[in-house]
Amino acid sequence: MIMQDQKENIKTQIENKLQFTTPEMRDNVESKSCCRPDGAAEEAADCSVPSKSDFSDPVYKEIAVANGHINRMNKDELRTKLAELKLETRGVKDVLKKRLKSYYKKQKLMQSVVAENNSTDTYYDYICVVDFEATCEESNPPDYLHEIIEFPMVLINTRTLEMEDAFQAYVKPEIHPDLSDFCVQLTGITQETVDKADTFPDVLQKVVVWLQERELGTKYKYAVLTDGSWDMSKFLNIQCRVSQIRYPQFAKKWINIRKSYGNFYKVPRTQTKLSSMLEKLGMKYEGRPHSGLDDSRNIARIALRMLQDGCQLRVNERMHAGQLMSVPSSTPMEGAPAPCPPRYRN
């Protein structure tokens, strides 16, 4: 018990050191500004120039010196150093630099609090990766209503850094019960599969039970993670209206990994597609593209690599009054609520 209390105190002190500015500025102690070159307007509120007092702790000077040295290393030198530290050596040069900087930053911050501590610096116990597949046409008209036809979920344990479990269920569409040839070819989901599936409210109830059985939102803190905004702000939003149920509370906030990846590795949004993120991390897609479960597993692989590289994944988007909104990095972190059964609209 004493050991656990000491770990919690250490973690609190480390987090206090990290609270001097936004996550983007923490990752760039050697920089004068955290503003991204591509200057996404939705994140402008997160960018500000720190005062001199922000860097008064000597540990930040040590980090700046280490970062300067890393910036002068070529790709072979970066790989050699990463190999010496028994860290992942795959990825483009900018990813390797970020990985090495994150390692030294975390080590120096931990050393400034305690000589040795191996606790994982993450808020959530679990991250649930979701990537829906939905009905589609080769050329969707503007008013086309996408209906979810596959609901997958991959569970990441942030302590063990492993994919611990997975859920998958197909969904029977109601407005467009007959899948287009394009949709079948794209997703690999057959007409027979959806004909035999449950409707969305029943599938959502199965998801809720699956989450409850794993004590998420009660015993364990968790967050939902997606590849972009569409899964929650469009597909789930439309589906809840079609099924005449209320939008589930546990999915109202989520981690958009494209935003997190772009901010952490300092790359423009045009380089944050699933295939691009995998390629820059030195990984290849595993499975069948546009299979919801396979996509979710590959997104989980990216999230795991980011956690290993020192990224503190946190909620950055939410739904409010039916509209997509950004969550500033200054917002206090909190886990998703315990999942509840679907509620029908009045």
Subject >> Validation row: Q244, P201 side chains within 4.5 angstrom (heavy atoms) >> reply: no
Original post:
Run the side-chain contact (heavy atoms from CB on, under 4.5 Å) check on R297 and R301 step by step: do they pass?
Top reply: CA-CA 6 Å; R297 284 176 172 148; R301 292 171 63 211; 5.7 Å; no
Original post:
Under 4.5 Å between any side-chain heavy atoms of C240 and P342, yes or no?
Top reply: no
Original post:
Any side-chain heavy-atom pair from I245 and Q239 closer than 4.5 angstrom?
Top reply: no
Original post:
Less than 4.5 Å apart, any side-chain heavy atom of N67 and any of K105?
Top reply: no
Original post:
Aromatic rings H146 and W230: how do their planes relate, parallel, tilted or perpendicular, breaks at 30° and 60°?
Top reply: tilted
Original post:
Looking at the rings of Y126 and Y220, which for Trp means the six-membered one, are their centres under 6.0 Å apart?
Top reply: yes
**OP:** Give the minimum heavy-atom separation between E150 and S291, together with the two atoms involved.
**Re:** OE1-C, 3.9 Å
Original post:
Are V203 and F235 connected in a single hydrophobic cluster, I mean Ile/Leu/Val/Met/Phe/Trp/Tyr linked by side-chain heavy atoms less than 4.5 Å apart?
Top reply: yes
**OP:** Flag yes if more than 12 heavy atoms outside N74 fall under 6.0 Å of its CG atom; otherwise flag no.
**Re:** yes
Subject >> Beyond-backbone contact of L236 with D231, side-chain heavy atoms, under 4.5 angstrom >> reply: no
Original post:
Taking E334 as the fixed residue, which of K253, R314, K252, K221 is the one that meets the salt bridge (Lys or Arg N to Asp or Glu O under 4.0 Å) rule?
Top reply: K253
**OP:** Please examine the side chains of E147 and H176, heavy atoms only from C-beta on, and report whether any two atoms are closer than 4.5 Å.
**Re:** yes
Original post:
If you measure from CD1 on I257 to CG on L225, what distance do you get to the nearest 0.5 Å?
Top reply: 4.5 Å
Subject >> Q185 side, atom CD; F182 side, atom CZ - distance, nearest 0.5 Å >> reply: 8.0 Å
Subject >> Hydrophobic cluster membership, F151 vs I299, 4.5 Å side-chain cutoff >> reply: no
Original post:
Between I70 and I63, is there a shared hydrophobic cluster once you connect ILVMFWY residues whose side-chain heavy atoms come closer than 4.5 Å?
Top reply: no
**OP:** Indicate the atoms forming the closest heavy-atom contact of C340 with V208, along with that distance.
**Re:** O-CG2, 3.3 Å
Original post:
Under 3.5 Å, is there a donor-acceptor pair between the side chain of N298 and the main chain of D295?
Top reply: no
**OP:** Could you verify whether a donor N or O on one side chain and an acceptor N or O on the other, from D195 and Q191, lie under 3.5 Å apart?
**Re:** yes
**OP:** Please confirm whether K206 makes a cation-pi placement over F167, using NZ or CZ under 6.0 Å from the six-membered ring centre and within 45° of the ring normal.
**Re:** no
**OP:** Please report the closest heavy-atom contact between W210 and M153, naming both atoms and the distance.
**Re:** CZ3-SD, 3.5 Å
Original post:
Do I255 and Y124 have side-chain heavy atoms sitting under 4.5 Å apart?
Top reply: yes
Subject >> L96/R99 under side-chain contact (heavy atoms from CB on, under 4.5 Å): CA gap, chis, key distance, verdict >> reply: CA-CA 5 Å; L96 300 181; R99 185 171 298 149; 3.7 Å; yes
**OP:** Identify whether L281 and Y103 are in the same connected component of the hydrophobic contact network (ILVMFWY, side-chain heavy atoms under 4.5 Å).
**Re:** no
Subject >> Least distance between heavy atoms, V224 atom then M232 atom >> reply: CG1-CE, 3.6 Å
**OP:** Would you give the length of the straight line joining atom OG1 of T226 to atom CG of D131, rounded to the nearest 0.5 angstrom?
**Re:** 8.0 Å
Original post:
Does E213 CD have over 12 foreign heavy atoms under 6.0 Å away?
Top reply: yes
Original post:
Could you give the distance from CH2 (W254) to CG (L324), rounded to the nearest 0.5 Å?
Top reply: 5.5 Å
Original post:
Counting heavy atoms not belonging to Q205, are there more than 12 under 6.0 Å from its CD?
Top reply: yes
**OP:** Evaluate side-chain contact (heavy atoms from CB on, under 4.5 Å) for D294 paired with Y285, printing each intermediate quantity in order.
**Re:** CA-CA 9 Å; D294 286 347; Y285 187 95; 3.5 Å; yes
Subject >> E317 vs K259, salt bridge (Lys or Arg N to Asp or Glu O under 4.0 Å): CA-CA, chis, key distance, verdict >> reply: CA-CA 9 Å; E317 289 185 340; K259 278 188 178 181; 3.2 Å; yes
**OP:** Flag the pair S102 / F264 as yes when at least one side-chain heavy-atom distance between them is below 4.5 Å, and no otherwise.
**Re:** yes
**OP:** Identify whether the distance between the nearest side-chain nitrogen and carboxylate oxygen of R214 and E164 falls below 4.0 Å.
**Re:** no
Subject >> Derivation of the salt bridge (Lys or Arg N to Asp or Glu O under 4.0 Å) call for K81 and E77 >> reply: CA-CA 6 Å; K81 179 54 69 174; E77 291 172 332; over 6 Å; no
Subject >> T193 (side chain) donor-acceptor with I189 (main chain) under 3.5 angstrom >> reply: no
Original post:
If you look at every heavy atom in R258 and N256, which pair is closest and at what distance?
Top reply: N-OD1, 3.0 Å
Original post:
Nearest heavy-atom pair of Y344 and S243: which atoms, and what distance?
Top reply: CE2-O, 3.8 Å
Subject >> Audit row: E133, H290, side-chain contact (heavy atoms from CB on, under 4.5 Å) steps and yes/no >> reply: CA-CA 7 Å; E133 295 303 323; H290 299 294; 4.2 Å; yes
Original post:
Is the number of heavy atoms from other residues, nucleotides or ligands under 6.0 Å of R343 CZ greater than 12?
Top reply: no
**OP:** State the CG-CD1 distance between L313 and I302, to the nearest 0.5 angstrom.
**Re:** 11.0 Å
**OP:** Any chance you could lay out the side chain to side chain donor-acceptor pair (under 3.5 Å) test for S275 and E279, step after step, and finish with the verdict?
**Re:** CA-CA 6 Å; S275 57; E279 181 181 358; over 6 Å; no
**OP:** Give a yes or no on this: more than 12 heavy atoms of other residues, nucleotides or ligands lie within 6.0 Å of atom NZ of K273.
**Re:** no
Original post:
Hey, which of D309, D94, T272 is the one that makes side-chain hydrogen bond (donor to acceptor under 3.5 Å, both in side chains) with Y265?
Top reply: D309
Subject >> Straight-line distance of C183 SG to E138 CD, nearest 0.5 Å >> reply: 12.0 Å
Original post:
Should L145 and Y247 be regarded as members of a common hydrophobic cluster, given that ILVMFWY residues are connected when their side-chain heavy atoms come within less than 4.5 Å of each other, either directly or indirectly?
Top reply: no
Subject >> Cationic N near anionic O, under 4.0 Å, R305 to E88 >> reply: yes
